[in-house]
Amino acid sequence: MGRTKEDAAIGIIGMGDMGKMYAQRLSDAGWRINACDRPENFESLKQEFASQKGVTIFPNGHLVSRISDYILYSVEAGVIDKVVAQYGLSTKVGAIVGGQTSCKAPELAAFEKHLPPDVEIVSCHSLHGPKVNTQGQPLVLIQHRASDESLKFVESILSSFGSKHVYLTGEMHDRITADTQAVTHAAFLSMGTAWQANNQFPWEHGRWVGGIENVKINITLRIYSNKWHVYAGLAILNPAAKQQIRQYAESVTDLYKLMIGGQREELKRRVKAAGASVFRPGSEGQDLLLKDEVLDRFSLSNRPREKAPPNSHLSLLAIVDCWSKLGIVPYDHMICSTPLFRLWLGVTEYLFRNDDLLEEALDTAIDDSTFRSDDLEFTFAARAWSDCVSFGDFESYRHRFERIAEYFAPRFPEAATLGNEMMKTILEKTTSNNE
Ligand SMILES: NC(=O)C1=CN([C@@H]2O[C@H](COP(=O)(O)OP(=O)(O)OC[C@H]3O[C@@H](n4cnc5c(N)ncnc54)[C@H](OP(=O)(O)O)[C@@H]3O)[C@@H](O)[C@H]2O)C=CC1
Ligand SMILES: O=C(O)C(=O)Cc1ccc(O)cc1
C-alpha cells in the first residue's frame with residue numbers, strides 16, 4: 001500500500017464538475033490520479049485530460065479501483081448504491097474508499113454493503129461548488145471505518161486544498177447539512193418558481209432592485225443554472241431535510257395568512273419573537289453584515305435603488321420563523337456552512353438587525369397589496385417543493401427544476417458573471433471563520 005505522494009495513487013470515479021475539480025487540484029499538487037467516468041465518456045475525457053500531467057483516464061471503475069490506494073466516488077447521490085455495487089469488489093486490497101456525495105447515510109450504507117471488509121472507509125464533503133476557491137472553505141472528513149493512520153493519509157492528500165477540516169460522523173454531517181443546505185435551497189428554488197409563475201424576470205421590474213434583492217436574484221439563478229440532481233439528492237435522501245423543508249413551507253403559509261388577514265400585531269409579535277430566539281443578544285459580534293454599498297454593485301437591473309419600494313420579505317421572515325420553530329441557531333453551524341448558507345444568513349441578519357427595515361417590511365406586508373400575488377405564488381411554491389421532497393420522487397423534482405431553469409436560461413450568462421463577482425466579494429466578508 002502506497003501512503004506517500006511518491007508511491008500512492010488516488011482513484012476518482014465520476015468525473016463530473018466535482019470529480020474534475022479534485023483531479024485537477026490533486027494532480028497539480030503532485031498526486032498521481034487514476035480516473036474514470038461512465039464508459040461512454042472515456043474517449044472525450046481522455047482527450048480533455050491529455051495535457052494534465054499526473055492524470056490517467058480509464059474506461060471504467062474496475063480499472064481505477066484495482067490500482068488505487070484512496071478511491072473517491074464522486075457520482076450523483078441517487079446512484080451511489082448502484083455504482084459502488086458495480087465497482088466495490090474490484091477495490092485494491094487494503095485500500096481506503098470515500099465518497100463526495102452531499103448526503104452520507106446512503107453513501108456509507110453502500111460502502112458497508114458492497115466493499116470487502118479489508119477496505120477502510122474515510123469519506124469527505126467539500127462544502128462548496130466546483131468553481132469556488134477551496135482555500136478556507138469547510139471540508140468535512142468522516143472516519144467511518146478506518147485507523148487514525150488512514151485518516152492522516154487522507155488528510156495529507158486533501159491538505160493541498162487549504163480547506164478547513166471538520167471532523168464529523170455521517171449522522172452529524174447529515175443533520176447539520178439539512179439545517180444549512182436543504183432549507184436554503186428550498187427558499188431560493190421557491191423564489192425562482194414564484195417569479196416564473198408570475199412570468200417576470202424580477203430585475204426588470206421596478207419592485208426588485210438593489211440590496212437584498214440582488215442576493216436573492218443572483219443566488220436563485222446560480223442554483224437554477226446548476227445540475228438538478230445535486231439539490232434533489234441532498235434534499236430527498238436526507239431524512240432530516242424533509243422535516244425542515246416542511247417547516248419552512250408551514251412558516252411561509254402561516255405568515256402569509258397573517259399578512260392577508262391584516263393581523264399586524266400578531267404578525268409582528270410572532271416574527272419578532274422568532275428574531276429574538278435566533279439572533280440572541282451577544283451574537284452581534286459575528287460581523288456578517290452585508291452592506292448596501294456592496295450589494296448594490298451586483299445588480300442585474302439598471303434602476304437606482306431609491307426607486308425601489310419596500311418589500312414584505314416573506315422568504316426571509318419565514319426562514320427565521322422556521323429556524324426558531326426547529327430550535328436551530330444558524331450561527332452554530334458556521335463551521336460547516338456553504339457559501340450560499342452564509343449569504344442567506346447574511347441577508348437575513350441584515351433585515352433582522354435593522355429595526356427600521358424589519359418594521360418597514362412588516363408594515364408593507366400588511367398595508368401594501370403590491371406584493372400579494374408574488375407572496376401567494378411564493379407560498380404555493382414553498383409547499384410544492386416540500387411535497388416534492390416528501391414524496392421522494394426524483395423525476396418530478398427534475399421536471400419541476402428543469403422547467404423553471406429553462407425559463408431563466410437566457411439570463412444565465414449575465415447572472416453568472418455578476419454572481420461570481422458578488423460571491424467573491426461578499427464571501428470575503430462572510431467567511432466561515434465567523435463562528
Ligand atoms: N456540484 C456541487 O456544487 C457539489 C456536488 N457535490 C456532490 O458531488 C457529487 C458529484 O457532483 P457533481 O460533480 O456536481 O455532479 P456531475 O453530474 O457533474 O458528476 C457526476 C458524474 O458521475 C458520473 N457517473 C455516473 N455514474 C457513473 C458510473 N457508473 N461510473 C463512472 N461515473 C459515473 C456522471 O456521468 P453522467 O452525467 O453521464 O451520469 C457524471 O459525470 C454529487 O453526489 C454531489 O451531490 C458535493 C459538493 C458540491
Ligand atoms: O453552497 C451551496 O449550498 C451550493 O449550492 C453548492 C453546494 C452544493 C452541494 C453540496 O454538497 C455542497 C455545496
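It should be emphasised that the depicted structure is a prediction, and the values quoted were computed from it without experimental measurement. In each ligand, atom 1 is the first atom listed, and ligand 1 is the first ligand listed. The first residue of the sequence shown is numbered 1, and numbering continues consecutively from there.
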Test of ring centre spacing under 6.0 Å for Y397 and W385: yes
Using a heavy-atom cut-off of under 4.0 Å, does the side chain or the backbone of C103 touch ligand 1, or both, or neither? neither
Taking the minimum heavy-atom distance to atom 44 (C) of ligand 1, which of G19, A77, S102, P59 ranks first? S102
For atom 19 (O) of ligand 1, find the nearest protein heavy atom and state the residue, atom name and distance (0.1 Å precision). G16 CA, 3.2 Å
For atom 6 (C) of ligand 2, the protein heavy atom that lies nearest, with its residue and separation: G129 N, 3.9 Å
Thinking salt bridges, do E149 and K152 make one under a 4.0 Å N-O criterion? no
Can you tell me the protein heavy atom closest to atom 7 (C) of ligand 1 and the distance? Q100 O, 3.3 Å
Heavy-atom contacts with H125 under 4.0 Å: which atoms of ligand 1 show up? List them by number with element. 46 (C), 47 (C)
Return yes or no for this condition: an N or O of D17 is under 3.5 Å from an N or O of ligand 1. yes
Heavy-atom nearest neighbour in the protein, as seen from atom 5 (C) of ligand 1, with distance rounded to 0.1 Å: M18 CG, 3.5 Å
Ligand 1-proximal atoms of I80, by part, heavy-atom distance under 4.0 Å: neither
Is there a side-chain contact between V329 and W323 (heavy atoms, below 4.5 Å)? no
Among R38, E40, K20, which one puts a heavy atom closest to atom 27 (C) of ligand 1? R38
Out of the candidates I219, N226, L221, only one should pair with I223 under the side-chain contact (heavy atoms from CB on, under 4.5 Å) rule; please name it. I219
Polar proximity ligand 1 side, V230 side, N/O cut 3.5 Å exclusive: no
Which of the atoms of ligand 2 are close to V230, meaning less than 4.0 Å from one of its heavy atoms? 8 (C), 9 (C)
Using a strict 4.0 Å cut-off to heavy atoms of T101, name the atoms of ligand 1 that fall inside it. 43 (O)
Select the closest option to atom 41 (O) of ligand 1 among I13, L234, D37, judged by heavy-atom distance. D37
Closer than 4.0 Å to some heavy atom of T338 - which atoms of ligand 2 meet that? 1 (O), 2 (C), 3 (O)
Looking at side-chain heavy atoms only, is the closest gap between H114 and L89 below 4.5 Å? no
For ligand 2, which atoms have a heavy atom of H125 less than 4.0 angstrom away? 10 (C), 11 (O), 12 (C)
Of all the non-hydrogen atoms in the protein, which one sits nearest to atom 7 (C) of ligand 2, and at what distance? Q181 NE2, 3.7 Å
Using 4.0 Å as the upper bound for N to carboxylate O, is an ion pair formed by D17 and K131? no
Between K227, H229, E76, H128, which one has a non-hydrogen atom sitting closest to atom 34 (C) of ligand 1? E76
Between Q196 and Y224, a side-chain donor and acceptor under 3.5 Å: no
Indicate, with yes or no, if the rings of F161 and Y22 have centres closer together than 6.0 Å. yes
When distances are taken from atom 9 (C) of ligand 1, the protein heavy atom at minimum range is V75 O, 3.4 Å
Could you give me the CA-CA distance, side-chain angles and deciding distance for L127 and L139, then say whether side-chain contact (heavy atoms from CB on, under 4.5 Å) is met? CA-CA 6 Å; L127 289 175; L139 168 62; over 6 Å; no
Please report whether ligand 2 has a polar contact with H128, defined as an N or O pair separated by less than 3.5 Å (distance criterion only). no
With heavy atoms under 4.0 Å as the rule, classify the contact between V83 and ligand 1 as side chain, backbone, both or neither. side chain
Can you find a non-hydrogen atom of N41 under 4.0 Å from ligand 1? yes
Pair Q181, T338: side-chain N/O donor-acceptor within cut-off below 3.5 Å: no
What are the atoms of ligand 1, with element, lying closer than 4.0 Å to any heavy atom of G129? 3 (O)
Nearest neighbour in protein (non-hydrogen) for atom 5 (O) of ligand 2: H185 NE2, 3.2 Å
Assess F341 for proximity to ligand 2: is some non-hydrogen atom of it under 4.0 Å away? no
Run the side-chain hydrogen bond (donor to acceptor under 3.5 Å, both in side chains) check on E155 and S159 step by step: do they pass? CA-CA 6 Å; E155 284 179 303; S159 63; over 6 Å; no
Going by distance alone, is a donor N or O of one side chain under 3.5 Å from an acceptor N or O of the other, for D7 and T4? yes
Can you confirm whether D321 sits close enough to L255 that some side-chain heavy atom of one is under 4.5 Å from a side-chain heavy atom of the other? yes
So which bit of L340 gets within less than 4.0 Å of ligand 2, heavy atoms only: side chain, backbone, both or neither? both
With heavy-atom distances below 4.0 Å as the criterion, list the atoms of ligand 1 near S126. 47 (C)
For Q86, the ligand 1 atoms with a heavy-atom partner under 4.0 Å come out as 29 (N)
Using a strict threshold of under 4.0 Å (side-chain N to carboxylate O), is an ion pair present between E112 and R145? no
Assess the residue pair W344 and S315 against the criterion (side-chain contact (heavy atoms from CB on, under 4.5 Å)); give the C-alpha distance rounded to whole Å, side-chain angles, the decisive distance to 0.1 Å, and a yes or no. CA-CA 10 Å; W344 183 224; S315 62; 4.2 Å; yes
Report the member of A232, P130, S74 with the shortest heavy-atom distance to atom 1 (N) of ligand 1. P130
Between D69 and R3, does any NZ, NE, NH1 or NH2 come within less than 4.0 Å of an OD or OE carboxylate oxygen? no
Under a 4.5 Å cut-off applied to non-hydrogen side-chain atoms, are K92 and S68 in contact? no
